[in-house]
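Chain A is the first sequence line, chain B the second, and so forth, proteins listed ahead of strands; every chain is numbered from 1. The figures here come from the full heavy-atom set of this structure, side chains too, leaving out hydrogens, waters and symmetry mates.
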There are 2 protein chains.
Amino acid sequence: MALGDAILACLTERPMTGYELAKTFDSSIGFFWKADHQQIYRELSKLRDRGHIQGREVVQSGKPNKLVYTLTPEGRTALRHWAARPSTPASTKDDLLVRLHALDSIDIEPLRTDLMARLEHHRDRHANYERILKKRFPEGTAEGRLDLGNLLLLRLGARHEQMVADFCEEALDALSAMTGKATVVPLDEGKREGKG
Amino acid sequence: MALGDAILACLTERPMTGYELAKTFDSSIGFFWKADHQQIYRELSKLRDRGHIQGREVVQSGKPNKLVYTLTPEGRTALRHWAARPSTPASTKDDLLVRLHALDSIDIEPLRTDLMARLEHHRDRHANYERILKKRFPEGTAEGRLDLGNLLLLRLGARHEQMVADFCEEALDALSAMTGKATVVPLDEGKREGKG
DNA sequence: CGACTTTTTCCTGTTACGGTAAATAACGGG
DNA sequence: CCCGTTATTTACCGTAACAGGAAAAAGTCG
């Protein structure tokens with residue numbers, strides 16, 4: 001059980017509905033933890049059965065009623081106990097790395113395309129982290145404990161994305177050096193002389 | 001199906017038994033992909049059923065007979081096709097990050113302990129990567145395509161571990177600054193005056 | 001003899017992931 | 001009035017992954 005604890009962690013900030021949680025898992029905590037709404041609703045039921053959270057129905061007009069979930073004291077305790085256990089370092093499990101491991105048995109062109117897409121992806125994410133950092137922590141310092149955690153997270157995220165983006169560039173360069181082609185050459189779609 | 005493809009990727013290097021694969025998933029590729037022997041044997045059966053690999057029994061004396069698995073042409077094709085599809089960037093899913101996200105609702109002492117353990121862990125891994133790099137690529141350059149992939153992987157791994165280790169240090173420093181304690185103070189095991 | 005290595009297999013769970021779908025409730029367009 | 005959309009929750013399906021416990025078969029080492 002880890003997704004459940006991630007949800008508990010989210011609910012420490014403020015009570016939320018499953019719908020809000022799903023959106024949260026699409027932005028802030030979702031930067032390093034993916035979960036779709038089905039997973040979240042399922043986990044919420046389990047947490048409620050366990051007594052770790054408590055739902056309060058809020059009647060709305062104009063929208064379906066919503067269930068706002070709040071941490072119970074038991075939930076807080078459970079979270080603290082979970083957080084007191086040593087964490088297990090997760091393994092990366094990135095398809096891209098597996099492909100690099102079998103580099104001489106796969107086609108390089110699609111790999112190159114993939115690397116370029118990933119480069120863009122990680123650059124985007126890096127820019128996004130930097131944007132949030134500048135907005136939430138213009139001084140680069142945190143005041144409260146909650147802020148400190150999020151500042152550290154954002155910094156780690158930014159650095160990670162930066163590093164992976166650099167890696168993609170490097171890999172692309174190395175592939176180009178190996179195949180003797182220029183890095184991208186998307187222009188000049190005319191005739192191309194053979195390379196051997 | 002990703003573990004299956006990781007196994008196929010391993011088998012491109014040379015035919016292997018499940019036992020050898022389990023050990024491989026404990027060192028080289030295991031640096032970024034964890035799988036125990038049960039998972040591997042189960043996946044091998046599936047791959048064999050699919051015709052992607054082929055087992056050849058080798059009679060041994062002194063040891064139980066072993067099943068050496070080789071990639072079939074279909075397996076090679078499947079791997080190439082899989083590698084030609086765009087990769088999906090995996091999310092980190094590290095407990096430690098969730099805990100930082102809920103920093104103001106958890107106990108800091110165990111978190112500190114955890115961070116120190118992680119710091120050591122990532123430093124060890126970094127040293128290990130560097131060791132292998134120096135041994136396999138003393139020049140820092142690769143010759144063949146297979147070598148290039150592994151060189152890139154090792155470099156990425158080394159940088160990643162370095163970065164996470166730095167992060168742990170930084171987080172520890174920040175926590176210390178916040179609680180007003182010194183970073184570790186493991187020496188001087190004599191009497192320790194109460195802290196409040 | 002017992003402990004250990006090598007090698008494979010089977011078992012039982014839980015957790016996670018993915019897709020498809022629907023029910024409820026209102027709003028707005030054509 | 002039907003249709004689509006947004007907000008909100010729930011259901012069911014299957015597969016993949018992870019965790020752990022067990023054992024069998026053949027030999028070596030102490």
Side-chain angles (χ1 to χ4, degrees), chain A residues 1-8 15-26 29-30 32-50 52-53 55-69 82 85-95 98, chain B residues 1-8 15-26 29-30 32-50 53 55-69 82 85 87-95 98:
Chain A
M1 229 262 290
L3 175 58
D5 295 296
I7 289 176
L8 292 183
M16 279 194 264
T17 69
Y19 194 77
E20 283 178 283
L21 277 166
K23 280 189 295 184
T24 300
F25 271 81
D26 226 56
I29 206 180
F32 54 90
W33 204 295
K34 282 273 152 261
D36 54 22
H37 75 278
Q38 294 97 326
Q39 268 179 284
I40 287 168
Y41 281 112
R42 244 176 302 166
E43 207 61 35
L44 283 173
S45 315
K46 284 194 217 162
L47 289 171
R48 193 179 37 191
D49 291 349
R50 240 174 253 151
H52 289 179
I53 59 176
R56 201 168 30 83
E57 186 164 20
V58 173
V59 185
Q60 299 189 120
S61 59
K63 288 170 201 175
N65 297 344
K66 61 184 178 182
L67 266 164
V68 181
Y69 287 103
W82 169 77
R85 296 208 318 259
S87 68
T88 53
S91 50
T92 312
K93 296 215 172 162
D94 193 328
D95 290 1
V98 176
Chain B
M1 229 261 289
L3 175 58
D5 295 296
I7 289 176
L8 292 183
M16 281 194 262
T17 69
Y19 193 77
E20 283 177 284
L21 276 166
K23 279 189 293 183
T24 300
F25 272 80
D26 227 54
I29 205 180
F32 55 90
W33 204 293
K34 282 275 152 258
D36 56 21
H37 74 280
Q38 294 97 327
Q39 267 179 285
I40 287 166
Y41 280 113
R42 240 176 306 158
E43 206 61 35
L44 282 173
S45 314
K46 284 194 217 162
L47 289 171
R48 192 179 36 193
D49 292 348
R50 238 173 255 152
I53 59 175
R56 202 168 27 85
E57 186 164 20
V58 173
V59 183
Q60 299 189 120
S61 59
K63 288 171 201 174
N65 297 343
K66 62 184 177 183
L67 266 164
V68 180
Y69 287 103
W82 170 77
R85 295 210 317 261
S87 68
T88 53
S91 50
T92 313
K93 294 213 173 165
D94 192 328
D95 290 2
V98 176

Item to check | Contact under 4.0 Å: A/Tyr41 side-chain N or O vs D/dT10 OP1/OP2 | outcome: no
Next on the checklist: When you measure from the side chain of B/Tyr19 to the backbone of B/His37, do you find a donor-acceptor pair of N or O atoms at a distance under 3.5 Å?
Outcome noted: no
Checklist entry - Looking across every strand, which nucleic acid part, if any, lies under 4.0 Å from A/Ser45 by heavy atom: base, sugar-phosphate, or nothing? => result nothing
Item to check | Value in whole Å for how far the C1' atom of D/dT8 lies from CD of A/Glu57 | outcome: 11 Å
Checklist outcome for this item: side-chain contact (heavy atoms from CB on, under 4.5 Å) filter on B/Ala90, not counting sequence neighbours, yields none
Checklist outcome for this item: To the nearest angstrom, the CD1-P distance between A/Ile40 and D/dA11 comes to 16 Å
Item to check | Closest-nucleotide 5' rank along DNA chain C - winner of B/Ser91 and B/Gly18 | outcome: B/Gly18
Next on the checklist: Does C/dT6 have its OP1 or OP2 closer than 4.0 Å to a side-chain nitrogen or oxygen of B/Thr17?
Outcome noted: no
Item to check | Pairwise side-chain contact, B/Leu3 with B/Phe25, heavy-atom cut-off 4.5 Å (strictly under) | outcome: yes
Checklist entry - Looking at residues at least two apart in the chain, or sitting in another chain, which of them share a salt bridge (Lys or Arg N to Asp or Glu O under 4.0 Å) with A/Lys46? => result A/Glu43
Checklist entry - If you find the nucleotide of DNA chain C closest to A/Trp33 and the one closest to B/Lys66, which residue's nucleotide is nearer the 5' end? => result B/Lys66
Item to check | Protein-nucleotide distance (B/Asp95, atom CG; C/dT15, atom P), rounded to Å | outcome: 14 Å
Next on the checklist: I need the CG-P distance between A/Asn65 and D/dT6, as an integer number of Å.
Outcome noted: 21 Å
Next on the checklist: Over all strands shown, is B/Lys46 touching base, sugar-phosphate only, or nothing at heavy-atom distances under 4.0 angstrom?
Outcome noted: sugar-phosphate
Item to check | side-chain hydrogen bond (donor to acceptor under 3.5 Å, both in side chains) partners of B/Asp95, counting only residues at least two apart | outcome: none
Item to check | D/dA7 to C/dG18 separation - P atoms, rounded to the nearest Å | outcome: 23 Å
Checklist entry - Does A/Lys66 have any side-chain contact (heavy atoms from CB on, under 4.5 Å) partners at least two apart in sequence or in another chain, and if so, which? => result A/Thr17, A/Val58, A/Gln60, A/Val68
Checklist entry - Rounded to whole angstrom units, what separation is found between the OH atom of A/Tyr19 and the P atom of D/dT5? => result 14 Å
Checklist entry - What is the distance from CG of B/Leu44 to C1' of C/dC10, rounded to the nearest Å? => result 15 Å
Checklist outcome for this item: Whole-Å distance, A/Glu20 CD to D/dT6 P, equals 18 Å
Item to check | Atom-to-atom span, CG of A/Leu47 to C1' of D/dT10 - whole angstrom | outcome: 16 Å
Item to check | With A/Ser45 via side-chain contact (heavy atoms from CB on, under 4.5 Å) - residues at least two apart | outcome: A/Arg48
Using nucleotides 19-25 of chain D, report all nitrogen or oxygen pairs with the protein that are shorter than 3.5 Å.
from   : atom 1 : to      : atom 2 : distance (Å)
D/dG21 : O6     : B/Gln38 : NE2    : 2.8

